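First the structure, in the form of structure tokens, and then the observations on it.
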Amino acid sequence: SGAGRVPFDTSAHLSTMPFPIIHRLPVSARLPLAMVGIVLLTALGSTQITTRSLSAQVEVQLQRIGQIYLDGLAASLMPPVLNQDAQGIDRALDEALRMHQGLEERRLFLLDGSGRVLARAERDGVGPGNLPVAAQQQARGYFLDAEDGSYWVWRPLADERTAAVGSMVIVANLDVSDYVGERQALRWRVVAFDLGFGIVCALVGVLLMRRLLRPITMLTQHLQQGEEATPQPMAEHHVPPGDRETVQLIRAYNRMAEATRDREAMLTLMAKQEREAVLGRLSATLAHEVRNPLTGVITAIETLRKFGDREDVRAEALDFMERGMRALTDVTDATLATHRPDAEGSRFG
């Protein structure tokens with residue numbers, strides 16, 4: 001039977017599944033590990049979303065601040081531009097670099113309509129940086145250079161009232177290194193906090209999960225012990241109050257354990273009764289089939305002792321003794337055949 005069948009190899013199946021080591025762990029270990037992973041992923045994911053949202057809001061605020069700064073710069077540049085005073089434009093840019101309270105500029109530019117630099121100014125100690133390509137191609141925009149720690153913002157100098165200045169563009173390169181550094185530090189602080197908080201929550205979850213899985217673990221141990229001995233019932237006080245499903249599971253196991261114990265007790269009783277019945281039949285056989293031939297043999301021996309000189313008596317006594325011994329041989333063979341176990345361990349009936 002079963003020719004041509006290929007048995008299912010569980011170890012080979014597990015080796016092809018993702019994370020085979022985790023699948024080999026017991027459920028009592030896999031559930032806490034899964035809970036730890038979910039908590040950590042949730043914490044890190046929510047942190048990244050919050051950090052990105054906060055960064056986007058701060059960049060919007062930077063854009064507004066940059067536009068406000070450009071408004072002030074445009075107001076100072078407008079008179080010399082209208083008067084076509086190149087020296088006045090340079091002085092306005094230099095004055096803008098010196099007059100700063102909360103926001104520090106690195107570079108200021110005035111471009112014509114084609115993106116060519118008409119005037120520029122750099123703060124002392126700041127190298128001559130290159131203009132972003134977008135500032136030379138687009139009339140309005142902004143760009144945050146996280147590596148340089150600076151923020152580029154530009155817009156047209158003119159409005160509908162001062163169209164006479166043409167399509168000039170003013171560009172400001174603002175120092176936001178403090179913001180960039182603070183953003184990086186904030187990100188790491190939030191990540192560290194989330195990791196710590198996630199680990200604490202995971203540990204609490206593991207302890208809670210171990211407590212909830214304690215009855216299941218004990219049930220597993222009882223089932224494993226039942227392979228070698230009679231299953232023992234479990235006490236229901238190990239189950240957390242209110243956990244009806246686990247209580248039902250424990251009660252079902254206890255009913256199974258009680259049924260197994262009753263069945264084994266019944267089998268023991270039946271084996272005892274069968275042994276007693278066999279002994280009874282054996283006793284009856286000895287009493288009837290063995291004792292009677294032995295009694296006849298003993299009687300024949302006594303007859304020989306008294307009348308052994310007579311030939312007819314000797315012949316009759318010997319013949320009677322032979323029949324008795326043959327009867328004992330037949331009884332012995334029949335008894336051995338009845339109570340000798342066969343090759344499979346059962347008895348011939």
Side-chain angles (χ1 to χ4, degrees), residues 1-3 5-43 197-282 338-349:
S1 62
R5 292 183 180 179
V6 178
F8 182 73
D9 190 355
T10 305
S11 60
H13 176 66
L14 289 177
S15 63
T16 59
M17 298 177 66
F19 306 106
I21 298 178
I22 296 179
H23 288 283
R24 291 191 179 96
L25 296 176
V27 177
S28 58
R30 275 186 286 172
L31 287 179
L33 287 177
M35 186 173 183
V36 170
I38 292 174
V39 170
L40 290 179
L41 288 178
T42 302
F197 182 73
I199 291 175
V200 171
C201 292
L203 291 176
V204 174
V206 168
L207 295 177
L208 180 61
M209 188 66 67
R210 286 174 60 88
R211 181 178 179 182
L212 293 177
L213 291 178
R214 186 180 304 167
I216 306 300
T217 304
M218 296 182 62
L219 177 61
T220 304
Q221 294 175 354
H222 278 71
L223 290 173
Q224 291 175 347
Q225 293 174 358
E227 297 178 356
E228 301 177 356
T230 304
Q232 299 297 324
M234 290 180 58
E236 294 186 6
H237 67 269
H238 295 294
V239 181
D243 192 351
R244 294 187 301 175
E245 295 180 355
T246 306
V247 170
Q248 294 176 357
L249 181 62
I250 298 302
R251 288 178 179 174
Y253 167 76
N254 288 340
R255 289 194 297 269
M256 182 196 70
E258 293 292 343
T260 302
R261 295 175 64 182
D262 293 341
R263 183 183 62 185
E264 292 187 357
M266 181 63 67
L267 291 176
T268 302
L269 179 61
M270 292 177 62
K272 181 179 179 182
Q273 292 176 350
E274 182 182 1
R275 184 171 61 253
E276 291 177 353
V278 170
L279 292 176
R281 291 195 298 270
L282 184 59
T338 301
H339 299 287
R340 181 186 295 116
D342 60 6
E344 298 180 357
S346 61
R347 294 174 177 174
F348 290 102

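Hydrogens, waters and symmetry mates play no part in the numbers below; they use all other heavy atoms, side chains included. Since the model is a prediction, treat every value here as computed from it, not as a measurement.
- Rounded to the nearest 0.5 angstrom, E274 CD and L279 CG are separated by 10.5 Å.
- Legend: residues meeting side-chain contact (heavy atoms from CB on, under 4.5 Å) with R261, ordered by chain and number and at least two apart, are T230, Q232, P233, E258.
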Chi angles and distances behind the side chain to side chain contact (heavy atoms under 4.5 Å, CB included) call for L269, Q273: CA-CA 6 Å; L269 179 61; Q273 292 176 350; 3.7 Å; yes
